[in-house]
Protein chains: 2
Amino acid sequence: MTRKSHSITIRDVARQADVSVATVSRYINRNAPVSPEVAERISKVMAELNYVPHAAARHLATRKTRSIGLLLTTINYDFFTPLLSGLERVVAENNHNLLVATYRADLRKDYPPPVGPHNTDGVVVFADALQEEQLAQWYRMNFPMVLVHRTPPPYLNIPYVTIENKAASRKIVDHLIEVHGRRRIIFTRGLENHEDSHWRELGYKASLEAHGIPYDPRLIIRGEFDREVTYQEMSAFLANNHPDFDAVFASDDDSALGVIRALNDAGIPVPESVSVVGFDDQHFSCILPLPLTTVRAPTEEVGRMAGSQILKILQGEAADPMTLLPTEIVIRQSCGCNESQS
Amino acid sequence: MTRKSHSITIRDVARQADVSVATVSRYINRNAPVSPEVAERISKVMAELNYVPHAAARHLATRKTRSIGLLLTTINYDFFTPLLSGLERVVAENNHNLLVATYRADLRKDYPPPVGPHNTDGVVVFADALQEEQLAQWYRMNFPMVLVHRTPPPYLNIPYVTIENKAASRKIVDHLIEVHGRRRIIFTRGLENHEDSHWRELGYKASLEAHGIPYDPRLIIRGEFDREVTYQEMSAFLANNHPDFDAVFASDDDSALGVIRALNDAGIPVPESVSVVGFDDQHFSCILPLPLTTVRAPTEEVGRMAGSQILKILQGEAADPMTLLPTEIVIRQSCGCNESQS
DNA sequence: CCGGTTACAGTAACCGGTTACATTATTACA
DNA sequence: TGTAATAATGTAACCGGTTACTGTAACCGG
């Protein structure tokens with residue numbers, strides 16, 4: 001293994017262009033005047049030598065990494081594709097890099113998060129990838145953060161971008177009740193501690209209450225935003241003698257899929273006997289055999305907004321404390337309607 | 001904005017623990033013996049001060065960034081989720097960071113790639129995110145790379161991991177011909193320059209030839225691995241008076257979806273009149289109204305292998321020049337079969 | 001008891017940039 | 001013509017780690 005030949009430094013360029021390193025640096029950063037002839041010379045030498053400034057050296061000197069971190073709990077769901085895509089775009093457009101990492105605060109208490117002040121200028125934190133204590137610590141050292149799909153605790157003034165969960169949830173449950181006359185509605189809960197799940201449940205309850213339908217805890221089942229888990233749980237629910245029900249509000253589309261499969265297995269006709277609705281409007285939701293009635297979540301937009309907020313902070317501007325993106329229900333057929341809408 | 005208070009350096013730790021910075025460094029890296037009492041002291045001070053070593057300083061000194069780059073052409077397809085997920089996992093398990101970036105060599109000729117020797121220890125390059133010239137340059141300075149879904153040109157000895165495209169393509173076309181008696185088979189080509197597409201086309205041709213079916217260029221239509229593009233192209237094909245056909249081999253599942261939609265629009269019954277098959281076996285392919293007959297591509301495994309190969313190189317071991325992951329055809333219903341298989 | 005290791009620790013150079021400060025030449029203006 | 005401002009550039013300290021080199025003391029076999 002030959003020694004790393006990428007050892008062309010700014011001094012090499014300086015020497016060859018017969019100027020000082022300071023001048024080269026100035027030329028590169030265009031932060032001080034450089035005479036045209038000298039600029040020309042430097043530029044030529046740089047091209048010849050194929051010189052690219054060493055990022056770490058630059059970071060060390062400027063104490064900026066020009067990269068922002070994204071902390072996820074997992075990448076395993078297609079849900080994250082648009083989030084990543086949106087975020088990456090704006091980050092790249094602003095000449096920053098994106099460090100993607102997964103971290104489960106609950107599992108890796110002993111290890112520090114893989115991205116943080118030591119290697120990024122700021123991070124975007126998804127849901128509960130980080131625990132409050134860590135957020136608080138970074139907040140104290142005012143390290144730039146923005147939370148997505150999570151509200152900071154009241155004493156931490158961290159900008160966040162999330163979506164309207166409760167109103168839309170309420171609306172979609174209203175739809176089940178008002179349009180389809182459903183009254184015994186199951187809710188498949190998302191992940192523990194996951195705020196989206198919490199709000200969706202509140203919307204569900206609000207709708208029930210508004211319609212004078214009593215809340216029945218037996219109709220709440222575990223879903224964890226996971227197709228398989230929901231399938232298992234729903235199957236188990238159906239296997240034992242269970243309370244009546246005539247609809248399911250799944251906490252996300254993946255979960256809805258699990259529900260539908262379990263119902264199919266049990267020979268229960270959907271949507272005739274049981275309406276099923278989801279949340280997110282993932283890519284697959286409109287191409288299912290029974291297109292899903294769900295709530296459209298602007299996930300890519302969440303990514304973009306998170307990016308632009310964190311960049312704002314880095315530029316010294318104030319970020320919007322809260323960015324709440326609107327959601328809308330999209331009626332397809334799994335609720336029992338037969339409209340076909342994109 | 002108060003000055004960045006993350007200025008706790010190794011010297012602070014050293015002072016407070018009453019040792020030299022060298023000793024602290026040794027303790028942190030465990031690369032030289034440190035007496036138990038001293039270790040204890042350092043450890044305590046580090047915890048108290050909440051010290052985290054500054055990555056850039058470390059990078060500069062060691063000339064290692066402990067991060068690896070992933071260069072994609074886009075993140076916009078769910079296809080990338082498993083790739084990312086697999087790669088991130090092994091990278092994280094080996095205490096490295098993952099820098100995700102998109103880059104279209106063809107579009108941004110003037111800009112250097114966002115990840116490279118200046119900010120990573122090695123990169124994983126997807127398909128044609130980089131042009132040959134850039135690969136060659138990095139190869140010359142022996143910068144660690146591994147290619148995914150791309151074969152390096154013969155004179156560049158770069159490890160690559162990809163999947164068996166041709167054999168599987170041939171097999172799936174064989175299936176159309178032998179089991180379903182199809183003989184006029186459309187191929188929706190993927191992206192120009194995209195090797196997968198090329199090999200799949202070769203498999204297609206090989207099958208035709210083996211069955212004595214003449215190759216008809218009029219049956220090749222543009223698809224670009226894109227649902228929408230394929231839909232448009234297929235619709236256009238159907239709109240004008242077109243040669244007969246009785247099957248479509250789409251270069252990927254997304255494309256297959258576009259095909260099916262166009263056929264549905266035209267009132268052509270699938271799979272009765274026309275068989276449609278795809279490639280990749282994406283998440284959605286088995287939950288479609290007409291479950292897709294396709295080829296299972298182990299994309300997550302590709303991510304994992306790419307990760308382990310690049311890490312091997314970083315550790316000075318030799319990587320496998322080629323990692324060819326097997327694919328298998330999965331028969332569902334869009335070809336006309338009615339087996340139901342997961 | 002002695003020469004040679006080994007364990008442990010400190011000093012300071014170095015990684016490759018940025019930038020405060022200093023210097024010189026040129027221009028502007030009274 | 002003299003003085004101040006400005007443009008263009010150089011020198012060298014500094015960012016925060018790592019590590020080569022050095023030194024001391026304890027240890028080891030004979």
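Proteins come first, then strands; the chains are lettered A, B, ... in the order of their sequence lines, and each starts at number 1.
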ask   = Do the side-chain N or O atoms of Thr9(A) get closer than 4.0 angstrom to the phosphate oxygens (OP1, OP2) of dG16(C)?
value = no
remark   = Winner on side-chain proximity to Val34(A), out of dG17(C), dT9(D), dC8(C), is dT9(D)
key: Rounded distance (Å) that lies between atom C1' of dG16(D) and atom CZ of Arg15(B)   = 13 Å
request  = Mind checking Tyr27(A) for me? I need base, sugar-phosphate or nothing, with any heavy atom below 4.0 Å counting as a touch.
outcome  = nothing
Pro53(A), nearest nucleotide to its side chain (from dT18(D), dG17(C), dG16(D)) = dG17(C)
key: Any side-chain heavy-atom pair of Arg89(A) and Thr102(B) under 4.5 Å   = no
inquiry  = Applying a 4.0 Å non-hydrogen cut-off, can you work out what Ser25(B) is touching in the nucleic acid: base, sugar-phosphate, or nothing?
reply    = base
query = What about Arg63(A): does its side chain form a donor-acceptor pair under 3.5 Å with the base of dG16(D)?
reply = no
ask   = In whole angstrom, what separates His54(B)'s NE2 from dG17(C)'s C1'?
value = 13 Å
Any strand: nucleotide that pairs with dG10(D) via Watson-Crick or wobble, under 3.5 Å = dC21(C)
task = To the nearest Å, give me how far apart CD1 (Ile10(A)) and C1' (dC15(D)) are.
result = 15 Å
request  = Look at the side chain of Arg58(A) against the base of dG16(C) and say whether a donor-acceptor pair falls under 3.5 Å; ignore hydrogens and angles.
outcome  = no
query = In whole angstroms, how far is the P atom of dC21(C) from the CZ atom of Arg26(A)?
reply = 13 Å
remark   = Of the listed dA12(D), dT18(C), dG16(D), the closest approach to the Ala22(A) side chain comes from dA12(D)
message = With a cut-off of less than 4.0 Å, is there a side-chain N or O of Ser35(B) near OP1 or OP2 of dA9(C)?
response = yes
Presence of salt bridge, Asp320(B) and Lys312(B), under 4.0 angstrom = yes
key: Interatomic distance, Asn31(A) CG vs dT18(C) P [rounded to whole Å]   = 8 Å
message = Using whole Å, what does the distance between atom C1' of nucleotide dG16(D) and atom CG of Asp12(B) come to?
response = 10 Å
ask   = Between atom CD1 of Ile10(A) and atom CG of Leu49(A), what is the distance when rounded to the nearest 0.5 Å?
value = 12.0 Å
request  = Scan side-chain atoms only and decide if Thr120(A) and Thr65(A) contain a donor-acceptor pair under the 3.5 Å cut-off.
outcome  = no
key: Nucleotide nearest Thr23(A) (side chain, heavy atoms from C-beta), chosen from dG10(D), dT18(D), dG17(C)   = dG10(D)
inquiry  = Tell me the interatomic distance from Arg11(A), atom CZ, to dG10(D), atom P, rounded to whole angstroms.
reply    = 14 Å
request  = Write down the distance between CG (Asn119(A)) and P (dG17(D)), rounded to a whole number of angstrom.
outcome  = 13 Å
message = Contact between Ser67(A) and His96(A) at the side-chain level, heavy atoms closer than 4.5 Å - yes or no?
response = no
task = Nearest-nucleotide wise, let me know which of Val24(A) and Val19(B) is further upstream toward the 5' end of DNA chain C.
result = Val19(B)
message = Is it the case that the side chains of Glu132(A) and Tyr155(A) hold a donor-acceptor pair, with the cut-off being a distance below 3.5 Å and no angle test?
response = yes
inquiry  = Let's test this: given Watson-Crick or G-U wobble pairing with both distances under 3.5 Å, identify the partner of dC28(D).
reply    = dG3(C)
